[in-house]
Number of protein chains: 2
Amino acid sequence: MVHYRAEVWSKASPQSDGIKPDGIEVEAELELPGTAECAGKAVDDAACAYARVSRARGRPRAYDPGEVLDKALKVFWQKGFAATSLDDLVEATGVNRPSLYAGFGDKESLYLKAMQRYRARTDSQLDAVLTCSGQNDTVRSIIRRYFDIMIDTYTGEAEHPLGCAFMCTALNEAPQHESILEMLQNTIDQFDIRFETFFAQARDMGFIRADQDPKALSQMIIGLTANLGVRARAGASRETLQDMVRGTTALLFGA
Amino acid sequence: MVHYRAEVWSKASPQSDGIKPDGIEVEAELELPGTAECAGKAVDDAACAYARVSRARGRPRAYDPGEVLDKALKVFWQKGFAATSLDDLVEATGVNRPSLYAGFGDKESLYLKAMQRYRARTDSQLDAVLTCSGQNDTVRSIIRRYFDIMIDTYTGEAEHPLGCAFMCTALNEAPQHESILEMLQNTIDQFDIRFETFFAQARDMGFIRADQDPKALSQMIIGLTANLGVRARAGASRETLQDMVRGTTALLFGA
DNA sequence: ATAATTTTGTACTAAATCGCACAAAATTAG
DNA sequence: CTAATTTTGTGCGATTTAGTACAAAATTAT
């Protein structure tokens, strides 16, 4: 897959000829897979009028950044941040050391990027499931589908289940790495917002009892999620986790 | 504090003169703080008739093993297992490297011992609180006292709260260290037993509704505990955590 | 006192680790 | 075709790390 690069610069200098005036800083660079046309369209869609899309000059990258992040994530998820060496990452990604640095920064930066990808993936999965569209779905069935996704994530792929990547690796590093702490806080905040919104909606639509506080429900679901994420890493089987979900959601939302 | 050592051996060779017959293996060694008499009494209390209690020969230890484990725990709790170096431990404990090895084994073994101490401390705190003695206490008040203890543990001592030591450090290492995984599983199992027993009792005594499954309730409480342990490490204040407990316990057990 | 025993503390070794220097390779621009 | 640019890949250097060897120190046993 060939990649194209879009340089985006300030709208204060309106030129659409694709030539950046001197003295104007490039504000962002985007990696765009596919053909030049498709890359250009992506830039249009993003309403970046003052951008230049072109095949990057110089020797082309031999790796796909997304794939590399996925491979790096696997290693971090398994071994944790501190115990993962750059040699591990070089071996797992197939990208040599200076290229990793050039492409992703140091180990901490690479870890953050890999975790962002993990989060983005989960987020988009949850976006698809966690909306109270009304009608056929009950809150209980929606929440159970949510837990199905999380159980999949926590037990999937590897021979041994790896649990929740955030709890299992980021928690460990939080006191020593400010940036990781921030990412962790941010992730928790997003989770809170997601569920509080969901349950507030559900209550407004009459799907849960009025005495069930959305914030408290939210904390219960997030707590159960944490519980699943921990137990998966401790070796609990998918079935065990599913049983947990059955019992607890019955308690909260009725059998 | 001077320490005494009790050698205990097989009851198959009944001699109470304190002299171990040749060919009989020493079965256990106990460290006993205090005077020789007090050490002897401890052995009596433990019904170890065939034991010899004496001041250990050779140069006496310059450190108290329990204090050293506490100091080591602090470091592991803060930095995690992998990122804690032996130099860190030497500095924190004041015990030099070969003495650490002689006294506690390698880093993994020291970590396990420190965590066992953490667990033992929590266990004894919970033993004192988590019994359904009936009468004045409601399940809700007992559970809230339980959460008070956990919040204390998760936010106490250090300037920045360190969260749950098991979730924050052992989870990270579980896939790479069989012994840590086992300890983690064991800890989870004990928690399950503790709460399932408690809620089963509570239900038998009519303190909770018959439709509230003890296993499900247990999972909810453990999940909330996990939630607290995570958020503490992410920087949540004691008050925030207490609010969480108020809301969720009200949801489960009534306001 | 002297021997036996155990812990302490210094100093060391071998291996691992992070991050980078530098030349070669691959591509675009002119 | 030549210059400019960017990535690749080998290899290295400085530092950190886990674990240990060994002599000195402190104590008990005889």
Side-chain angles (χ1 to χ4, degrees), chain A residues 1-7 18-20 26 29 31 36 39 52-65 67-68 72 75-76 79-111 173 176-177, chain B residues 1-7 18-20 26 29 31 36 39 52-65 67-68 72 75-76 79-111 173 176-177:
Chain A
M1 173 84 71
V2 181
H3 283 253
Y4 285 79
R5 181 170 305 157
E7 294 185 336
I19 297 170
K20 180 173 69 68
V26 169
E29 281 190 28
E31 277 286 320
R52 177 180 123 158
V53 177
S54 64
R55 185 81 156 68
R57 208 151 89 149
R59 181 168 175 171
R61 267 199 204 112
Y63 59 83
D64 175 74
E67 280 175 27
V68 166
V75 185
F76 282 129
K79 308 181 79 161
F81 172 76
T84 298
S85 71
L86 278 175
D87 285 338
D88 291 332
L89 293 166
V90 167
E91 196 193 341
T93 61
V95 176
N96 60 38
R97 204 182 277 260
S99 295
L100 278 182
Y101 272 89
F104 305 96
D106 65 6
K107 193 170 88 158
E108 186 170 328
S109 170
L110 175 53
Y111 173 77
E173 311 301 330
Q176 303 289 312
H177 301 270
Chain B
M1 172 82 71
V2 181
H3 282 254
Y4 287 80
R5 181 169 304 158
E7 294 185 334
I19 298 171
K20 180 173 69 66
V26 168
E29 280 189 31
E31 277 285 320
R52 179 179 120 157
V53 176
S54 65
R55 185 86 155 67
R57 208 150 90 149
R59 180 168 174 170
R61 266 199 202 110
Y63 60 84
D64 176 75
E67 281 176 25
V68 166
V75 186
F76 282 129
K79 310 181 77 162
F81 172 77
T84 298
S85 71
L86 278 175
D87 284 338
D88 291 332
L89 294 165
V90 166
E91 195 193 343
T93 61
V95 176
N96 60 38
R97 203 182 278 259
S99 294
L100 278 182
Y101 273 88
F104 305 95
D106 64 6
K107 194 170 88 155
E108 185 171 328
S109 170
L110 175 55
Y111 172 77
E173 311 301 331
Q176 303 289 311
H177 300 270

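Per chain, numbering begins at 1; letters A, B, ... match sequence-line order.
By the neighbour-count criterion of 12 heavy atoms within 6.0 Å, atom CD of A/E91 is sparsely surrounded, having that number or fewer from other residues, nucleotides or ligands.
For A/Y63 and C/dA26, the OH to P distance is 17 Å, given to the nearest whole Å. Between the CZ atom of A/F81 and the P atom of C/dT17 there is a distance of 13 Å, rounded to whole Å. If you take CG of A/D87 and C1' of C/dG19, they are 12 Å apart, rounded to a whole angstrom. A straight line from CZ of B/R57 to P of D/dA29 spans 7 Å, rounded to a whole angstrom. Put simply, CD on A/E91 is 17 Å from C1' on D/dT10, counting in whole angstrom units. Taking atom CG of residue A/L110 and atom P of nucleotide C/dC18, one finds them 11 Å apart after rounding to whole Å. The nearest whole Å value for the distance from the CG atom in B/L86 to the P atom in D/dA18 is 4 Å. As a whole-Å value, the separation of B/L89 CG from D/dA18 P is 8 Å.
One side chain, B/S85 or B/D88, offers a donor N or O that lies under 3.5 Å from an acceptor on the other.
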Candidate pair B/F104 and B/V68, rule side-chain contact (heavy atoms from CB on, under 4.5 Å), full reasoning: CA-CA 10 Å; B/F104 305 95; B/V68 166; 3.6 Å; yes
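Interatomic distance, CG of A/L100 versus OG1 of A/T93, reported as 4.5 Å (0.5 Å rounding). Here the CD-CZ distance, from A/E108 to A/F81, works out to 5.5 Å after rounding to the nearest 0.5 Å. In this structure, CZ on B/R97 lies 9.0 Å from CG on B/L89, to the nearest 0.5 angstrom.
Listed pair A/K107 / C/dG19 fails the phosphate criterion, with no side-chain N or O lying under 4.0 Å from OP1 or OP2.
Picking from D/dT17, C/dT8, C/dT27 the nucleotide with the shortest atom distance to the side chain of B/R59 gives C/dT8.
Non-hydrogen atoms lying under 4.0 Å from DNA chain C are contributed by A/R97, A/P98, A/Y101, A/D106, all within residues 93-106 of chain A.
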